[in-house]
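Report on the following structure.
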Amino acid sequence: MELTVDEISIIVAVCGVIFGFYLSKHLKFKRKLTGDNMTKVGEISNILIYPIKSCGPIICENNALCSARGLQYKGFSDRQYMIIDEKGQLQSQREHPSLALVECTIENGILYVSAPRMDKLKFPPISNKNQHEDREITLWEMIGTARSVGTEVDKWFQNYLYGNSHNELSEKLIHVMQISSHRKSSDCPWGNFGQLARKHDVVAFQDYSPYHLVNEATISDLQRHLHPRDAPILSHRNFRPNIVVSAGAAYIEDNWSTIQLGVNNVILRLMTPTPRCRQTTVDPDNGVFYKKINPLQTLRNYRINPAINPGSPIFGLNMGLEGKEDYISIGDAIYFIHR
């Protein structure tokens with residue numbers, strides 16, 4: 001049977017469609033394999049955890065684990081401990097700027113803290129339920145459970161913050177709590193932050209997200225906005241991030257919805273830009289509020305986004321883990337993933 005010209009044209013057209021479909025699939029797959037859907041945007045310049053919320057950081061020199069709950073390093077997690085008063089309220093640098101001078105170190109798997117005028121303190125090993133009972137604890141209306149670290153640690157921080165003038169009935173009584181069950185980011189009450197979180201986004205005593213990222217170039221741009229010109233030099237320490245990046249242009253991170261870190265292909269996704277608070281006005285070198293400058297007010301002049309927070313300027317990124325847990329190191333490349 002002979003085919004007509006029209007029938008041959010139809011067959012050729014169908015074959016062309018099928019070939020084009022498989023070619024596009026092949027090219028798309030090849031694009032994924034070769035990384036053509038990614039652009040290198042910078043490198044990791046610093047990685048930090050803050051074992052005790054509002055106290056000093058520990059620099060993670062290499063092999064920091066990116067988990068769904070945030071960074072982990074040498075057996076400790078970011079914001080694993082929190083200081084509260086007798087009423088259960090968070091005690092932070094907003095109330096006690098001198099907490100910026102509390103240094104944390106990890107030695108042979110043990111956490112130590114030190115501060116001016118204080119003896120070095122060894123934290124007890126991670127407690128279990130047989131030693132200390134869990135209690136419900138709320139931070140920013142996000143509920144978790146925590147347990148006391150112990151009276152020796154409580155007294156150390158109480159003496160550091162208030163001296164020896166307190167008594168056991170004082171409302172200034174201090175407790176240091178260790179997280180035992182994590183809080184859900186989806187419970188966050190701020191605007192639509194809870195809706196932007198996913199079910200697996202959980203935190204210890206981080207404010208909202210497992211990860212916080214800032215860009216060195218963005219900090220340098222803020223420095224140029226400060227007056228007077230001989231203002232103290234700002235650094236990432238004013239913003240307490242987990243991941244500091246060297247990414248060239250200031251505020252380029254505003255455009256990052258998803259990034260890949262390092263050779264282990266750790267993927268972080270944007271949850272929200274980070275609203276800033278009074279803690280940015282603490283001088284981390286001296287443990288007092290700045291007198292000559294106000295970084296928070298300066299940011300309000302040009303970094304307010306009413307859709308996110310009408311009163312708090314945005315600076316940096318709140319991020320969550322997407323996919324597998326794995327390790328990152330200082331110097332790892334950062335890639336923006338085009339989607």
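What you see is a predicted model; the values in this text were computed from it and never measured.
- By the 4.5 Å side-chain criterion applied to Ile, Leu, Val, Met, Phe, Trp and Tyr, L296 is assigned to no cluster and stands alone.
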Distance-only donor-acceptor pairs under 3.5 Å for side chains of residues 103-112, two or more places apart:
from	atom 1	to	atom 2	distance (Å)
T105	OG1	E107	OE2	3.4
E107	OE2	K120	NZ	2.6

Validation: residues 327-337 side-chain donor-acceptor distances under 3.5 Å, sequence neighbours left out:
from	atom 1	to	atom 2	distance (Å)
S329	OG	N63	N	3.0
D332	OD2	S329	N	2.8

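- Under the rule for a ring-ring contact (aromatic ring centres under 6.0 Å, His included), the partners of Y81 that lie at least two apart in sequence or sit in another chain are F123.
- The hydrophobic cluster containing L90, built from Ile/Leu/Val/Met/Phe/Trp/Tyr side-chain heavy atoms closer than 4.5 Å, also comprises M82, I84, I137, L139, W140, M177, I179, W190, F193, L196, F205, Y208, M271, I308, I314.
- Considering every non-hydrogen atom in both Y50 and C55, the closest pair reads CD2-O, 3.7 Å.
- Using a 4.5 Å heavy-atom threshold, the side chains of Q206 and H212 count as separate.
- Among residue pairs with one or both ends in residues 303-315, those qualifying as side chain to side chain donor-acceptor pair (under 3.5 Å) are D254-R303; sequence neighbours excluded.
- Between the side chains of N318 and T272, at least one donor N or O lies within less than 3.5 Å of an accepting N or O.
- Screening residues 286-319 for ring pair (Phe, Tyr, Trp, His ring centres under 6.0 Å), with sequence neighbours left out, gives H225-Y302, F239-F315.
- Annotation: salt bridge (charged side-chain N to carboxylate O under 4.0 Å, His left out) contacts of D207 (sequence neighbours excluded): K53.
- Scored by the side chain to side chain contact (heavy atoms under 4.5 Å, CB included) test, N265 finds Q260 as partners (sequence neighbours excluded).
- Between K292 and D230 a salt bridge is recorded (basic side-chain N to carboxylate O distance below 4.0 Å).
- Side-chain atoms of N294 come within 3.5 Å of backbone N or O of Q297 as a donor-acceptor pair.
- Every salt bridge (charged side-chain N to carboxylate O under 4.0 Å, His left out) that R237 has, sequence neighbours left out, goes to D285.
- Other members of the cluster containing M142 are V203, with ILVMFWY side chains joined at under 4.5 Å, either directly or via other members.
- One N or O on the side chain of S67 and one on the backbone of G70 form a donor-acceptor pair closer than 3.5 Å.
- Within the structure, salt bridge (Lys or Arg N to Asp or Glu O under 4.0 Å) contacts touching residues 268-283 (residues at least two apart or in different chains) are D201-R269, R269-E322.
- Residues V245 and E216 form no side-chain contact, since every pair of their non-hydrogen atoms from C-beta on lies 4.5 Å or further apart.
- Counting heavy atoms from C-beta outward, I259 and L213 have side chains that approach closer than 4.5 Å.
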